[in-house]
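To start, the structure itself, in structure tokens.
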Amino acid sequence: MNNVLKVALINGLRSTLIMDTIFFILSKLVQFCIEPLNWVLLFVVLGLIFLLLRKPHLCRRFLLLAIFDLLIVGWLPTSELFLRGLENLAPKTSLASLSERDLGGIIILGGAIEGGQIVLDRGEVSIGSSAERVTKAFELIRRYPDLPFIFSGYSGRVNPKGISEAEAFQQLIAEQGLAETTQKTAHYENQSRNTYENVLYMKAMIAEYGQKNDLGVLKPWLLVTSASHMFRSVRIFEKQGVDVIPVLVDFQTANSPNWATFDLTEGAQNWNKFLHELVGLFAYWITGKI
């Protein structure tokens, strides 16, 4: 009977891993399809095809769609309006009102570090556009030196190479001179590829290393991630029964839009972040992850 249960558990775990992998790959495919600048390429290609087919009216329509797409992406207020709303969904936490005894630990979500092959080839860790996740993490580690912290992240790539984000962050900890002082508090999760897996693989670590109150209940953990990503992240942690306090970083919008600014690069990044979260929220909702 025990052997039957073991086989059933193994098969169940294997099925879950396969489904999570399929979900991960599909999410990357959808992400590619919703990129606004990818639509520009599609419209131009279709315009050229209809030009070759000698259907100039259809060619003109698709080229106009491409121009309209570029205008929507490049004029910043269009993307800032939606992204600002997303960044404002999670409440901002005042760290000044929190003491070490109120907290269970610190969670830092990956997504800012270019680990992989770059670190192996160059010997240096590169930090991307969400660098505030890392800098805020260093601030909190110094502010609350006795709190345990977990950095969670392997890679968001479909075909990752080299070291994980967690290992790259560990290298940064050493470079910042924090390796010795964090020997007992530092913990790393290096398997997760998305936010759901972040929580899934950290849950046991949070229960094991988190500080508890007098009743033996886990105290809430500080959660560090980008402002646009925080709403979805908090919902996933809550679904898994983990109490977190949001520490929002990496804001991309101000209180008022840049009405006179046209920037394709920044606009594309804003749309990327917004649409990524929008699709993520929908996908996680229909699959019961939030």
Side-chain angles (χ1 to χ4, degrees), residues 27-28 30-40 65-98 106-113 127-137 139-140 153 156 194-196 198-199 220-239 244-286 289-290:
S27 70
K28 295 302 176 184
V30 171
Q31 180 67 32
F32 177 82
C33 293
I34 64 174
E35 289 278 356
L37 288 184
N38 291 342
W39 300 348
V40 174
L65 281 173
I67 293 172
F68 180 72
D69 193 340
L70 287 172
L71 291 174
I72 291 294
V73 172
W75 192 47
L76 289 187
T78 57
S79 57
E80 288 178 338
L81 177 66
F82 295 104
L83 189 59
R84 183 186 302 105
L86 189 60
E87 291 182 336
N88 291 339
L89 284 177
K92 195 171 182 180
T93 302
S94 173
L95 293 175
S97 63
L98 296 173
I106 304 165
I107 296 168
I108 308 113
L109 297 186
I113 300 175
I127 303 177
S129 59
S130 302
E132 291 91 338
R133 296 192 193 188
V134 174
T135 56
K136 179 60 73 173
E139 176 193 331
L140 295 177
N194 55 36
T195 313
Y196 174 71
N198 284 144
V199 184
W221 284 58
L222 294 175
L223 174 62
V224 181
T225 191
S226 301
S228 61
H229 182 53
M230 185 62 78
F231 181 76
R232 178 160 59 110
S233 300
V234 170
R235 294 300 178 276
I236 300 169
F237 276 96
E238 288 177 346
K239 182 74 173 182
V244 294
I245 299 173
V247 180
L248 291 80
V249 297
D250 186 29
F251 285 92
Q252 300 298 311
T253 63
N255 289 329
S256 57
N258 296 299
W259 293 107
T261 305
F262 185 90
D263 189 322
L264 276 174
T265 301
E266 188 173 346
Q269 291 173 349
N270 287 347
W271 279 110
N272 176 283
K273 290 177 183 291
F274 171 72
L275 292 173
H276 175 81
E277 288 304 316
L278 189 66
V279 171
L281 281 166
F282 178 73
Y284 279 30
W285 174 69
I286 63 174
K289 292 180 171 64
I290 57 175

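Owing to the predicted nature of the structure, the values given are computational and were not obtained by experimental measurement.
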Do any side-chain atoms of residues 86-98 form donor-acceptor pairs under 3.5 angstrom with protein atoms, and if so which ones, sequence neighbours left out?
{"residue": "Glu87", "atom": "OE1", "partner": "Thr253", "partner atom": "N", "Å": "3.4"}
{"residue": "Glu87", "atom": "OE1", "partner": "Thr253", "partner atom": "OG1", "Å": "2.6"}
{"residue": "Glu87", "atom": "OE2", "partner": "Gln252", "partner atom": "N", "Å": "2.7"}
{"residue": "Asn88", "atom": "ND2", "partner": "Arg84", "partner atom": "O", "Å": "3.3"}
{"residue": "Thr93", "atom": "OG1", "partner": "Pro246", "partner atom": "O", "Å": "2.5"}
{"residue": "Ser97", "atom": "OG", "partner": "Ser94", "partner atom": "O", "Å": "2.7"}

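- Side-chain contact between Ser228 and Leu83 is present, with at least one heavy-atom pair separated by less than 4.5 Å.
- Leu81 contributes atom CG, which lies 12.5 Å from atom CG of Leu76 (distance to the nearest 0.5 angstrom).
- Here the closest non-hydrogen pair linking Trp221 and Ile107 is CE3-CG1, 3.4 Å.
- The CD1 atom of Ile67 lies 13.0 Å from the CD1 atom of Ile72; values are rounded to the nearest 0.5 Å.
- Sorted by first and then second residue, the pairs that involve residues 261-284 and meet salt bridge (Lys or Arg N to Asp or Glu O under 4.0 Å), not counting sequence neighbours, are Arg232-Glu277, Asp250-Lys273.
- Applying the 6.0 Å contact sphere to CZ of Phe282 captures no more than 12 heavy atoms from other residues, nucleotides or ligands.
- For Phe231, there are no ring pair (Phe, Tyr, Trp, His ring centres under 6.0 Å) partners two or more places apart in sequence or in a different chain.
- For Trp271, the ring pair (Phe, Tyr, Trp, His ring centres under 6.0 Å) test picks out Phe82, with sequence neighbours left out.
- Residues satisfying the side chain to side chain donor-acceptor pair (under 3.5 Å) criterion with Asn198, sequence neighbours excluded, are Ser152, Ser192.
- Taking both residues in full, the closest heavy atoms of Ser130 and Ser226 are given as OG-OG, 3.7 Å, listed atom of the first, atom of the second, then distance.
- Going from atom CH2 of Trp75 over to atom CG of Leu264 covers 14.5 Å, rounded to the nearest 0.5 Å.
- Residues Phe237 and Leu223 come closest through the heavy atom pair CE1-CD1, 3.7 Å.
- Interatomic distance, Leu278 CG to Leu281 CG, rounded to the nearest 0.5 Å: 7.0 Å.
- Residues Leu70 and Leu37 have side chains in contact (heavy-atom distance under 4.5 Å, counting atoms from C-beta outward).
- Here the straight-line distance linking atom CZ of Phe251 with atom CD of Glu132 works out to 10.0 Å at 0.5 Å rounding.
- When all heavy atoms of Ala268 and Val73 are compared, the pair lying nearest together is N-CG1, 3.6 Å.
- Although no hydrogens or angles enter the test, the distance criterion places a donor-acceptor pair under 3.5 Å between the side chain of Arg133 and the main chain of Gly110.
- Residues Ser233 and Leu109 have side chains in contact (heavy-atom distance under 4.5 Å, counting atoms from C-beta outward).
- Shown here for Thr195 and Tyr284, the closest heavy-atom pair between the two residues is N-OH, 3.8 Å.
- Taking every heavy atom of both residues into account, Val134 and Ala112 meet most closely at CG2-CB, 4.2 Å.
- With sequence neighbours excluded, the residues that form a side chain to side chain donor-acceptor pair (under 3.5 Å) with Glu35 are Gln31, Asn272.
- Note: Glu80 CD to Thr261 OG1 = 7.5 Å, rounded to the nearest 0.5 Å.
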